[in-house]
A.B. asks: 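Below you'll find the structure I mean.
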Number of protein chains: 2
Amino acid sequence: MANLDSIFHALSDCTRRAVVQQLTGGPASVKTLAEPHAMALPTFLKHLQVLEACDLIVTRKTGRVRTCALQPETAQAAEHWLSTQRGLWERRLDRLDSFLTAQTPKDPDDAAQS
Amino acid sequence: MANLDSIFHALSDCTRRAVVQQLTGGPASVKTLAEPHAMALPTFLKHLQVLEACDLIVTRKTGRVRTCALQPETAQAAEHWLSTQRGLWERRLDRLDSFLTAQTPKDPDDAAQS
DNA sequence: AGGATACTTACCCATATGGCTAACCTTGAT
DNA sequence: ATCAAGGTTAGCCATATGGGTAAGTATCCT
């Protein structure tokens, strides 16, 4: 299992997320996966390599066809990190609230400062 | 709310995930957040800007101190995408299984082909 | 007023990323 | 044997990213 850095990075690209989505419908060949995307095959292959490098997908070549499939456990690692954070901050929402309400009244031109 | 591209990208960096984790303990100043990280302040500020650009955090400047806080809803967007995908592929795990088992027996030297 | 504190801006740099084309290698079909 | 199909490799290019330094601004403290 790769680290969160590479998993989140892999998911930060629209093309790669689309591939993941496509694969939720079952395994598919490189050609099939590439078709919806308007880019050269070698370019698309690099995306698949990014997905495979962090174990979001597995691939296997049979004859001249390489078939790709999801490795759901990897995405779960990312999901787990997110839900853990949410679990932590939900217990602190009171603090966030007090932070927001404490500042708002005395700072009307706040928008100009971001 | 920013798009998934920028949210996942923001989370793909170890420093930025650490900031998110730190902020689950409540709002904090830039200085406080920067301390654990061995890098120049301007460099660290860029990380905060990435987090703020995709709305994972909110910041507010009071006097000379800028305070940062989480915006949990944004992270939930990422979590939601992941859990949606998982929901989809869990209904297809049978297909994944048949894919894996169909190939394994007749391809013992598979490891060499990745 | 003057110095310290807490950012903030401007700018530089090396590497990574996403895109391309051209050419190559297997495998399957005729 | 030859040709088409499906990848794959190699190499080029522009931009983005993560890191740094130097100098500036705005507050707060004394």
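Computed from a predicted model, the values in this text were never measured in an experiment. Naming convention: chains lettered A, B, ... in sequence-line order (proteins, then strands); numbering from 1 in each chain.
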A.B. asks: What are the atom names and distances for every N/O pair under 3.5 Å that joins the protein to nucleotides 25-30 of chain D?
C.D. replies:
from   : atom 1 : to    : atom 2 : distance (Å)
D:dT27 : O2     : B:R64 : NH1    : 3.2
D:dC28 : O4'    : B:R64 : NE     : 3.4
D:dC28 : O4'    : B:R64 : NH2    : 3.3

A.B. asks: What's the CZ-C1' distance between A:R60 and D:dG7, to the nearest Å?
C.D. replies: 17 Å
A.B. asks: Shortest non-hydrogen contact from A:T32 to A:Q22?
C.D. replies: O-NE2, 3.6 Å
A.B. asks: Dump every N/O contact between nucleotides 16-19 of chain C and the protein below 3.5 Å, one line per pair.
C.D. replies:
from   : atom 1 : to    : atom 2 : distance (Å)
C:dG18 : OP1    : A:R16 : NH1    : 3.4
C:dG18 : OP1    : A:R16 : NH2    : 3.0
C:dG18 : OP2    : A:R16 : NH1    : 3.2
C:dG19 : OP2    : A:H47 : NE2    : 2.4
C:dG19 : N7     : A:K46 : NZ     : 3.3
C:dG19 : O6     : A:K46 : NZ     : 2.7

A.B. asks: Can you check the A:F44 CZ to D:dG6 P distance for me, whole Å?
C.D. replies: 14 Å
A.B. asks: When you match A:P42 and B:S29 each to their closest nucleotide on DNA chain C, which lands nearer the 5' end?
C.D. replies: B:S29
A.B. asks: Using whole Å, report how far CG of B:L41 lies from C1' of D:dG18.
C.D. replies: 15 Å
A.B. asks: Where is the tightest heavy-atom contact between B:L11 and A:F8, given as atom of each residue plus distance?
C.D. replies: O-CD1, 3.4 Å
A.B. asks: As a test of reading the structure: which of D:dG7, D:dT9, D:dA22 is closest to the side chain of A:V65, going by heavy atoms?
C.D. replies: D:dG7
A.B. asks: Taking only residues two or more places apart in sequence, or in another chain, which ones meet A:R86 in a side-chain hydrogen bond (donor to acceptor under 3.5 Å, both in side chains)?
C.D. replies: A:E90, B:E79
A.B. asks: Given atom CG of B:D5 and atom C1' of D:dT17, what is their separation to the nearest angstrom?
C.D. replies: 15 Å
A.B. asks: Before you tell me yes or no, could you show the steps for A:R17 and B:D5 under side-chain contact (heavy atoms from CB on, under 4.5 Å), namely the whole-Å CA-CA distance, both residues' side-chain angles and the distance that decides it to 0.1 Å?
C.D. replies: CA-CA 9 Å; A:R17 281 200 312 283; B:D5 274 44; 2.7 Å; yes
A.B. asks: Provide the closest heavy-atom pair for A:C68 versus A:L48 in the form atom of the first, atom of the second, distance.
C.D. replies: SG-CD1, 4.1 Å
A.B. asks: Checking A:S12 now: which residues fulfil side-chain hydrogen bond (donor to acceptor under 3.5 Å, both in side chains) with it, not counting sequence neighbours?
C.D. replies: none
A.B. asks: Is the closest side-chain heavy-atom distance between A:V65 and A:K31 below 4.5 Å?
C.D. replies: no
A.B. asks: Just the rounded figure in Å: distance from P of D:dT9 to CG of A:L45.
C.D. replies: 8 Å
A.B. asks: Counting heavy atoms from C-beta on, name the nucleotide in C:dT21, D:dG6, C:dC7 closest to the side chain of B:K31.
C.D. replies: C:dC7
A.B. asks: Looking at side-chain heavy atoms only, is the closest gap between A:L88 and A:Q85 below 4.5 Å?
C.D. replies: yes
A.B. asks: To the nearest 10 degrees, how far apart in direction are the end axes of the helix from C:dA1-D:dT30 to C:dT30-D:dA1, each fit to five base pairs?
C.D. replies: 20°
A.B. asks: In this structure, how many angstroms lie between the C1' atom of D:dG18 and the CD atom of B:Q49, rounded?
C.D. replies: 13 Å
A.B. asks: Within a strict 4.5 Å, meaning less than it, do heavy atoms of the B:L51 and B:T59 side chains meet?
C.D. replies: no
A.B. asks: Heavy-atom distance under 4.5 Å between the side chains of A:V19 and A:H47, does that happen here?
C.D. replies: no
A.B. asks: Who passes ring-ring contact (aromatic ring centres under 6.0 Å, His included) against B:H37, sequence neighbours left out?
C.D. replies: B:F44
